[in-house]
Amino acid sequence: MKRFSPSEIEPKWQKIWDETGVYTADLDTEKPKYLAMSMFNYPSGAGIHIGHAMNYTISDVKARFKRQQGFESYYPIGWDAFGLPAENYAIKAGVSPQESMATIIPGYHKQYKAMGWSNDWEKEIATHKPEYYKWTQWIFWKMCSEGLAYQDARMQWWCTKCQTVLANEQVIEGRCWRHDGKDDPVVQKKEVKQWFFKITDYADELLDATDALDWTDTVKLAQKNWIGRTEGINIDYEVVGSDKKLTCFTTTPVNYGMTFIVIAPEHEMVTELTTSEKKSEVDDYVAACITKTELERQQEGKDKTGVFTGSYVINHLTGEKAPIWVADFVLAGFGTGAVQGCPAHDERDFEFAQKFGLPIIRVVEGEDGKTERVVDPSKESVDQVKLNHGIQRKMVNSGQFDGLLFDEGMQKTMDYFESQGWGTRQVNYKMRDWSVSRQRYWGAPIPIVNCPKDGTVLIPEDQLPVVLPELDDFKPAGDGRSALARATDWLQTTCPECGGPAERETDTLDTYICSSWYMYRYMDPHNQEEIFSTDRVRKWEPIDFYNGGDHATAHLLYARFIGHFFKKLGLIDEPEPFKQFVFNGKVTAQNGEMFSKSKGNGIDPLEIINQGYGADALRTYLMFAAPLEFWAKWDPNGVPGTHRFLNRLWNLVQEFTKASDSSVNNKDETEWKEAGLDYYTHKMIKKMTEDLEANRYNTAIAASMENVNVLYKIKDQHGIDSSVSWREALESAVVCIAPFAPHVSEELWHQLGHSSSVHTGTWPKYDEAKLVTDTITIVVQVNGKVRAKLEVAADASEDSVKEAALAEENVQKFIGDKKPTKVIYVPGRLVSVVVR
RNA sequence: GCGCGGGUGGUGGAAUUGGUAGACACGAGGGACUUAAAAUCCCUUGACCUAAACAGUCGUGCGGGUUCAAGUCCCGCCCCGCGCACCA
């Protein structure tokens, strides 16, 4: 009898799989396709840790399950190689990023293969190769020609450590997403000329398409919040004593209660609105605000500051003057950078009015005349009395709008303002355009030439790619430009327009562009003529299954944007790239800390595998520990546990093959039927099929374990022989655990006499007829408490079951001499007797 | 603060969406095999009560409610995690 030895069988099968190409997908197949993948891997030098092992195993299991079900299942592989971590790693290692990638990636190959992931290595891609980034540049080129790319000097988030600008999505709690530790610097604001993609043009489209996605709800919500659509009205105010107009955006024009205006310190009209006697005060305030970082402003919390400009506007409805203030709680980047203060109904306005003694007029109250939503001026404090259910808010002190319900009042007010020409309805978004230029070396060069005569000139399509030159010194210059500014030979070029001398753009493209379209390249990875063939993509789009534990907004939003953009160009049919997305939890150390290089607590999967437990046990444990969405703590006892389970299955198969070899006299098949081999097998198949389909991996594995336990029980009672029943039971057990434990199942499959792989087209269908039992267990409750259980024939009538239930001794005991007032029968489940 | 999730044994987690709470696993305890250990196999394992029970009591964060029946539904609290965070 052979012993279960993962360290022998795993490398053996990995080699055979490589040689026979079981995981090579035929992209032109006639079979139904399935495409599962996890988020792009970012090779950084440290190799993968348990967290990656978890991520990629999730999609690998799905890909394998579908491959076994007969789909042409494609499990692609590639490297998101450009970007800062790779560049920084190369700086540290003292080699070029090109060289460092050439050594890092093979290390990853080793790990991926050791994990038993079913990647199609023939179609491997890497974003730092010219044949890939040619098309990344082409996307920029296309954005330009479609009018969706533009250059603008703006105040940008700037990370002093990275020496580059950051997109809004890359700023986390006031710090760089790469440097978000306590000791890291907070991000600065710096005026930089930047390239932007007009993602805001797609805001509505992306928002509207969100609901229909089969995605983890929290991520859909995060996307919606990030896009942040608000509907309201822009109201123009006349500034007293001048012909100037000041425009405020509001969603709730409760203008009878509007008593002041506040503009952001960065507002373009600050100077002109400030009177001469207020000038020095306002200048000082504005100067102080601008030097403050966003984080400092936040840390100062809600303690409102501000200064009066000396100017007033006229309130259209009341004809009264309202003062214009400058305060930093108003954000320059949202709406018009100016808001109207309605302190009775907005918490921030209330605090501001309180602090500076501005009037508070209540114009909304509950129908009962008492409850109000935000603020009660009579108490002079923020009153958080919530509206009782059923009590509506209505307008008061509001002239012609008095008595209207709040929502109606708002609409009527907006109608009125529009009819008077005082304002226009307006939709705003929190989302900003995507800043795509980075002042770093290790990225795809922006295909632009700066010509003294023609300005910024787009490089013609047929001259792509602009190849990134290899440099000896690629550290940032420190002046805000990338190392490419020093690559004179490369930098000096001729203008495609006039042929005169010109300089290349030294910024490179944000790596998020590389990762926002890679899924389409997977569908046609070797195409030299075009970004991909539309026919190919039509066959393979969308990604059927996608998972990851990060990037709820950034990457997923950008990828959707690119999808919608491609759709508009007619390159693809389905604008949404990811049909299903699972936002999985992560694995943390036992103390709950994240695994990381800096903490030195990372666990290399190879370490676990080489301890002798093997990749199968590791994979199975990772998928068994918790539901996919849960965060799991690493338990060193977990892998030995799943190893034990696989070993139990292994030993059963050994006993079976031994029985076959020694040609033991087989028992009659009906005995095995009565023992339940068939029944339990089909029960397991059903449960595992449904759970794998619904991404409930942990309970799928539990079903397999339960099945193996049952097989041991049957073996104990009836023994094991080479019968068809035992063969089917064991083959099913082996086939169904294959997505989780691909090596041991392949080995056992062959031991059972098969010569083709267990991994293609083997998934069994369960037979409902085999799940029907002769008898069922019925629970009997008396007054809601379980008092007896009885076995009845599956087809027993309601009356006979009730009768049998009432006849139970323990049931009678609790009924006593009273008479049941009610007897409820739930078919196949229980009888509930009510006695009063 | 706002918005989402979620509180179940010593631990990770099950529970067909109102129908036997604790599947499966880890840990713990006991037994078999062994000169011994490891490995393997078998049994026990929510608490209480009990000599034991396939006899009973309690039990899914807390307090109420609906129901023959509540982990699951409703109302009010407490706690934890995540996301957004002065977005007008």
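Below, read A as the first sequence line, B as the second, and so on, with proteins coming before strands; counting in each chain starts at 1.
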So which nucleotide does [N] pair with, by the Watson-Crick or G-U wobble rule with both distances under 3.5 Å?
N: B:rU35; result: none
N: B:rC68; result: B:rG19
N: B:rC2; result: B:rG83

Of the candidate nucleotides [options], which contains the atom at the shortest distance from the side chain of [X]?
X: A:Lys813; options: B:rA55, B:rA88, B:rC24; value: B:rA55
X: A:Asp328; options: B:rU40, B:rC86, B:rA25; value: B:rC86
X: A:Thr777; options: B:rU20, B:rC24, B:rG19; value: B:rU20

Are any of the side-chain nitrogens in A:Lys770 or A:Glu768 under 4.0 Å away from the carboxylate oxygens of its partner? no
Do the charged groups of A:Asp550 and A:Lys586 touch, with an N to O distance under 4.0 Å? yes
Quick one: the side chain of A:Arg3 and the base of B:rU40, do they pair up donor-acceptor inside 3.5 Å? no
Heavy-atom nearest nucleotide on RNA chain B taken for A:Gly638 and for A:Val833; more 5' hit belongs to A:Gly638
Atom pair distance, as rounded to whole Å: CD in A:Gln781 and P in B:rG56: 13 Å
Taking B:rU11 as the reference, what is the distance to B:rG1 when you measure between their P atoms (whole Å, please)? 30 Å
Are any of A:Arg644's side-chain N or O atoms less than 4.0 Å away from OP1 or OP2 of B:rC24? no
Take A:Lys220 and A:Asp211, measure what salt bridge (Lys or Arg N to Asp or Glu O under 4.0 Å) needs, and give me the verdict at the end. CA-CA 7 Å; A:Lys220 282 161 67 165; A:Asp211 275 327; 5.3 Å; no
A:Phe352 and A:Thr305 have their tightest heavy-atom pair at CE1-O, 3.5 Å
